[in-house]
Amino acid sequence: MSTVAKAVSLLEVLGQGEPERTLADLARSVDFDKATTRRLLLALMEQGLVEQDGGSRLYRLGIGVARLALMREAQFPFLRTAIPVADALAARTGETVHFSEYSSRGLISVHVVESSKANRVAVPVGETLPLHATASGIASWLLPTVASWMPPWAASWYPTPRTR
């Protein structure tokens, strides 16, 4: 595993579950020794991607992660487009609505409007959904077919069709 992959795995662990973690817990979660984990955390802290609470010594995601997310949204305004659509669809149907973006690892849930119904689907923001096992994933596989009859202005909202 490359150094970058190791650092990203730490960021992913910090983004799931408890908002703050100890060095020992992080090392155990990613199966690295404490020295490697600490060295990676220090490098991530230098870039603002991880912060450490001075009192508790617990680690958490840093403001640099939000900065990168804002930079991406400025370049590719998916959320700005998706949120009003999701809100309107949820209000009209009373159902949970979630929007995901395609990545090579699956669909990443980027926005969810929860239904007020007791029986509903829970889709955590940031969750990677497998393409083969979800309705959203199957729909994304159909995208090249759908894009062929879509009006040109709508087709620009979707990623370039990919080969299977």
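You'll find the side chain of Glu95 stays beyond 4.5 Å of the side chain of Val113, heavy atoms only. Tyr59 has its side chain out of reach of Leu10: every pair of non-hydrogen atoms, C-beta onward, lies at least 4.5 Å apart. Contact of the Met1 side chain with the Phe32 side chain is registered, since non-hydrogen atoms from C-beta on lie closer than 4.5 Å.
Placement of Leu61 and Val8 in two distinct hydrophobic clusters is found when ILVMFWY residues are connected by side-chain heavy-atom separations under 4.5 Å, directly or transitively. In the hydrophobic cluster analysis, where Ile, Leu, Val, Met, Phe, Trp and Tyr join through side-chain heavy atoms closer than 4.5 angstrom, Leu68 is grouped apart from Phe78. Put simply, Phe76 and Val125 are part of two different groups of oily side chains (I, L, V, M, F, W, Y) that touch within less than 4.5 Å, one to the next. By the rule that hydrophobic residues join a cluster once side-chain heavy atoms approach within less than 4.5 Å of another member, Leu49 and Val13 end up as members of one cluster. Residues Val123 and Tyr102 are members of one and the same hydrophobic cluster, defined by side-chain heavy-atom contacts under 4.5 angstrom among Ile, Leu, Val, Met, Phe, Trp and Tyr.
Counting all heavy atoms, side chain and backbone alike, Phe99 lies closest to Ala86 at CE1-CB, 3.3 Å. Nearest approach of Ala24 to Lys34, heavy atoms of both residues: CB-CE, 3.8 Å. Here the closest heavy-atom approach between residue Ser109 and residue Val112 is recorded as OG-CG2, 3.6 Å.
Partners of Glu73 according to the side chain to side chain donor-acceptor pair (under 3.5 Å) rule, which considers only residues two or more places apart in sequence or in another chain, do not exist here.
Atom-to-atom distance recorded for Arg21:CZ and Gln16:CD is 7.5 Å, nearest 0.5 angstrom. Rounded to the nearest 0.5 Å, atoms OG (Ser100) and CD (Glu127) are 9.5 Å apart. Note that the OG1 atom of Thr37 and the CZ atom of Arg28 stand 10.5 Å from one another [nearest 0.5 Å]. Note that CG of Leu11 and CG of Leu26 are 10.0 Å apart. Values are rounded to the nearest 0.5 Å. In this structure, CG in Leu70 is found 8.0 Å from CD1 in Ile63, a value given to the nearest 0.5 Å. Atom NE2 in His98 sits 8.0 Å away from atom CG in Leu107 (nearest 0.5 Å).
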Arg57/Gln52 under side-chain contact (heavy atoms from CB on, under 4.5 Å): CA gap, chis, key distance, verdict: CA-CA 6 Å; Arg57 310 297 293 163; Gln52 184 180 33; 3.5 Å; yes
CA sep, side-chain torsions, deciding dist, call: Leu23, Leu41, side-chain contact (heavy atoms from CB on, under 4.5 Å): CA-CA 9 Å; Leu23 175 62; Leu41 287 168; 3.7 Å; yes
Verdict with reasoning, Arg39 to Glu46, per salt bridge (charged side-chain N to carboxylate O under 4.0 Å, His left out): CA-CA 11 Å; Arg39 188 179 77 252; Glu46 286 178 16; over 6 Å; no
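Counting only distance, with no hydrogens or angles, the side chain of Thr96 and the backbone of Ser115 share a donor-acceptor pair below 3.5 Å.
Salt bridge annotation for Glu18-Arg60: absent, with no cationic side-chain nitrogen under 4.0 angstrom from a carboxylate oxygen.
Shown here is Asp53, whose CG atom has more than 12 heavy atoms of other residues, nucleotides or ligands within 6.0 Å.
For the residue pair Asp25 and Thr22, no side-chain donor N or O sits within less than 3.5 Å of a side-chain acceptor on the partner.
The side chain to side chain donor-acceptor pair (under 3.5 Å) analysis of residues 1-11, with sequence neighbours excluded, yields no pairs.
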